[in-house]
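Okay, structure first, notes after.
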There are 2 protein chains.
Amino acid sequence: MTASDTAAPKRVTRRRAQTRQRLLDAALEVFAEEGFGRSTVDQVCERAGYTRGAFYSNFTSLDELFLAMWEQRSGAMLDDLREALQRLGTLESVSPDEALRAVLDAVPIDDAWYRVTAEFTAHALRNPSLRRVMAAREEAIHDTLLPLVEAALVRAGRRVTDRTGLGHALVAVHDGTAVQCLLEPDDEAVRQRREELFRHVVNAYSSAYSTAYSTQSEGALDE
Amino acid sequence: MTASDTAAPKRVTRRRAQTRQRLLDAALEVFAEEGFGRSTVDQVCERAGYTRGAFYSNFTSLDELFLAMWEQRSGAMLDDLREALQRLGTLESVSPDEALRAVLDAVPIDDAWYRVTAEFTAHALRNPSLRRVMAAREEAIHDTLLPLVEAALVRAGRRVTDRTGLGHALVAVHDGTAVQCLLEPDDEAVRQRREELFRHVVNAYSSAYSTAYSTQSEGALDE
DNA sequence: GCCGTTCGATACGCGAATGTATGGGATACA
DNA sequence: TGTATCCCATACATTCGCGTATCGAACGGC
């Protein structure tokens, strides 16, 4: 263990970045299949096409890999969501239903990702620093989501009455209904109930405004 | 390995029942603290005050113990909920808010239990037979919850418009908001938003009826 | 193409967890 | 109280996963 070993690499090769990414991708697959707790370093390496040497050269523990992978993936999903909402903002006019569909399509219900997230959440509830990471992520979701959702709703003829309430409600409803959809993947009714619940929530946290869509949609939203 | 070894015990002593129960209790604690995947047979046994001999005499694997424990605990929670709702049904008259409070109090947000459930859910999504177990449990929740909730709502001056929709919505909202409460345990606002969301949902899936509480509560529920 | 640096494969030792086989003490029942 | 049965502790062999140390090969700069 000389000084050069502990020193940070002067130049990071592109090969390194690639292996790191492959390990991150493999981690998602393995964790989803085996569960994080039951996964081993060997399994991840084998899936990625490496041996343990590559792993310990890039990460210090499975925990670190788990965190890095989760942050990368959830960040990517947030980017997708942001993009979808911004695209929505460029359109001429949007009905509430169309807007809802667009948002729900931007956040697909992926069982592999859900399993990983569920375990990450449980893990975070045991670890204060991880809990802060998750809380920060939720904060970021709100910061991204709320202005764009609010804008979309205004364009659809609705004014948001409780911003933070709506934000938390949307996240909670998403999480809660995602499980139901995954537990009964073949039951179309579950997905319809999910959409219905979203409509109710959006309706509850916003009030009608006078616009082309407002009168037409009120009938569909209220009952 | 003689015939008597493989044969089922003729008489089951009360000691056996006790150790089995202690193992189940210890499992909840250990799984909550360490995570199911990271837990070992030894840890559970030590926590329960036994050695591995006791474990392998009662269960064949950690998976089996996990399932048994989860079924017992979730069954007990369902019993609590049923009892609370039935007690609610014996009261003279109840306001919607009081009813909601009673139900929420009957299903306390326990972080240890949540962690375990999160991991069990992820586990169930990997295992078809476990998935059926969870689906059946959700079915049972609905069967218990709906008639009693509906009755309580009627007594509070509200008629349910979509039974199954309400049932699934309540479960989803509970699950989704429970995480938020656990991630920010000291933030009272999160809990208030949770209650608020429940009110909105109950309101959305039921319509006012003419009763003592109906006019009074409409103002609080609708806006 | 040469050379210094970085990256990842291989080999090694260690500790931990598993499942089984067996024996002694506890328990139920007469 | 005696005894047949049951239940759990103990000991053992084995397998598995981890982390490190070392070395050849790939890489990037010149």
Side-chain angles (χ1 to χ4, degrees), chain A residues 1-27 29-69 119 123, chain B residues 1-27 29-69 119 123:
Chain A
M1 188 176 290
T2 67
S4 65
D5 288 343
T6 56
K10 283 128 221 249
R11 51 185 186 193
V12 175
T13 63
R14 69 189 69 166
R15 173 168 66 139
R16 189 175 184 75
Q18 186 183 18
T19 61
R20 187 184 160 87
Q21 187 56 49
R22 284 186 181 165
L23 285 171
L24 288 166
D25 293 344
E29 297 178 20
V30 173
F31 292 170
E33 286 177 20
E34 305 286 329
F36 169 63
R38 290 255 189 271
S39 300
T40 68
V41 176
D42 276 318
Q43 286 174 320
V44 174
C45 292
E46 192 182 6
R47 177 69 62 106
Y50 296 96
T51 64
R52 286 214 310 291
F55 175 84
Y56 285 107
S57 171
N58 280 277
F59 303 94
T60 65
S61 66
L62 267 190
D63 269 70
E64 186 183 314
L65 172 62
F66 196 18
L67 173 58
M69 182 270 282
E119 260 188 290
H123 202 51
Chain B
M1 190 177 290
T2 66
S4 65
D5 288 342
T6 56
K10 285 130 221 257
R11 53 186 184 193
V12 176
T13 63
R14 70 188 69 166
R15 175 170 62 138
R16 188 175 184 75
Q18 185 182 5
T19 59
R20 185 184 161 88
Q21 187 56 48
R22 284 186 181 164
L23 285 171
L24 288 166
D25 294 343
E29 298 178 20
V30 173
F31 293 170
E33 286 177 19
E34 305 286 329
F36 168 63
R38 291 253 188 270
S39 301
T40 68
V41 176
D42 276 319
Q43 286 174 320
V44 174
C45 293
E46 192 182 6
R47 177 68 61 106
Y50 296 95
T51 63
R52 285 213 313 290
F55 175 83
Y56 286 106
S57 171
N58 281 278
F59 304 94
T60 65
S61 65
L62 268 190
D63 269 70
E64 187 183 312
L65 172 62
F66 195 18
L67 173 58
M69 182 269 281
E119 258 186 292
H123 202 50

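Only this structure's heavy atoms are used, side chains among them; waters, hydrogens and symmetry mates stay out.
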task: Rounded off to whole Å, could you give me the CZ-to-C1' distance for the Arg38(B) and dA17(C) pair?
output: 14 Å
- prompt: Taking all non-hydrogen atoms of both residues, which atom of Ala26(B) and which atom of Val44(B) are closest, and how far apart?
  reply: CB-O, 3.6 Å
- prompt: For the pair made of CZ in Arg16(B) and C1' in dG25(C), what is the distance, rounded to whole Å?
  reply: 16 Å
task: Give the rounded distance in Å between these two atoms: CZ of Arg22(B) and P of dC7(D).
output: 15 Å
task: Check whether any side-chain N or O of Thr51(B) sits under 4.0 Å from OP1 or OP2 of dA9(D), and answer yes or no.
output: yes
message: How close do Arg52(A) and Cys45(A) get, counting heavy atoms only, and between which atoms?
response: CA-SG, 3.8 Å
- prompt: Do NZ/NE/NH1/NH2 and the carboxylate oxygens of Glu33(A) and Arg47(A) come within less than 4.0 Å?
  reply: yes
- request: Indicate yes or no: at least one non-hydrogen side-chain atom of His123(A) is less than 4.5 angstrom from one of Asp63(A).
  value: yes
- prompt: Arg38(B) and Phe36(A): which non-hydrogen atoms are nearest, and at how many Å?
  reply: NH2-CZ, 3.4 Å
- request: Measure from CD on Glu46(B) to C1' on dA9(D) and round the result to the nearest Å.
  value: 14 Å
- request: Take the protein atom CZ of Arg14(B) and the nucleotide atom C1' of dC6(D), then report the distance between them rounded to whole Å.
  value: 14 Å
message: I'd like to check the side chain to side chain contact (heavy atoms under 4.5 Å, CB included) partners of Arg22(B); sequence neighbours left out, ordered by chain and number.
response: Gln18(B), Ala48(B), Tyr50(B)
Give me the distances for all protein-to-nucleotides 14-19 of chain D N/O pairs that come in under 3.5 Å?
unit_1  : atom_1 : unit_2   : atom_2 : d
dC18(D) : OP1    : Val41(A) : N      : 3.4
dC18(D) : OP2    : Val41(A) : N      : 3.2
dG19(D) : OP2    : Tyr56(A) : OH     : 2.3
dG19(D) : N7     : Arg52(A) : NH2    : 3.2
dG19(D) : O6     : Arg52(A) : NH2    : 2.1

- request: Compute the angle between the rotation axes at the two ends of the helix from dG1(C)-dC30(D) to dA30(C)-dT1(D), each taken over five pairs, rounded to 10 degrees.
  value: 40°
query: In whole Å, what is the span from the CZ atom of Phe59(B) to the P atom of dG19(C)?
result: 14 Å
task: Send over the distance from Phe36(B) CZ to dA17(C) P, rounded to a whole Å.
output: 15 Å
query: Given atom CD of Glu64(B) and atom P of dG19(C), what is their separation to the nearest angstrom?
result: 12 Å
query: Of the nucleotides dG8(C), dT10(D), dC8(D), which has the atom closest to the Arg15(B) side chain?
result: dC8(D)
field: Flag side-chain contact, heavy atom, 4.5 Å: Phe55(B) against Asp42(B)
entry: no
message: So, OP1 or OP2 of dC7(D): does either fall under 4.0 Å of a side-chain N or O from Asn58(B)?
response: no
message: Under 4.0 Å from OP1 or OP2 of dC7(C): is there any side-chain N or O of Thr19(A) that close?
response: no
- prompt: Which atom pair, heavy atoms only, marks the closest approach of Leu23(B) to Ala54(B)?
  reply: CD1-O, 4.1 Å
query: Any side-chain heavy-atom pair from Leu24(A) and Phe59(A) closer than 4.5 angstrom?
result: yes
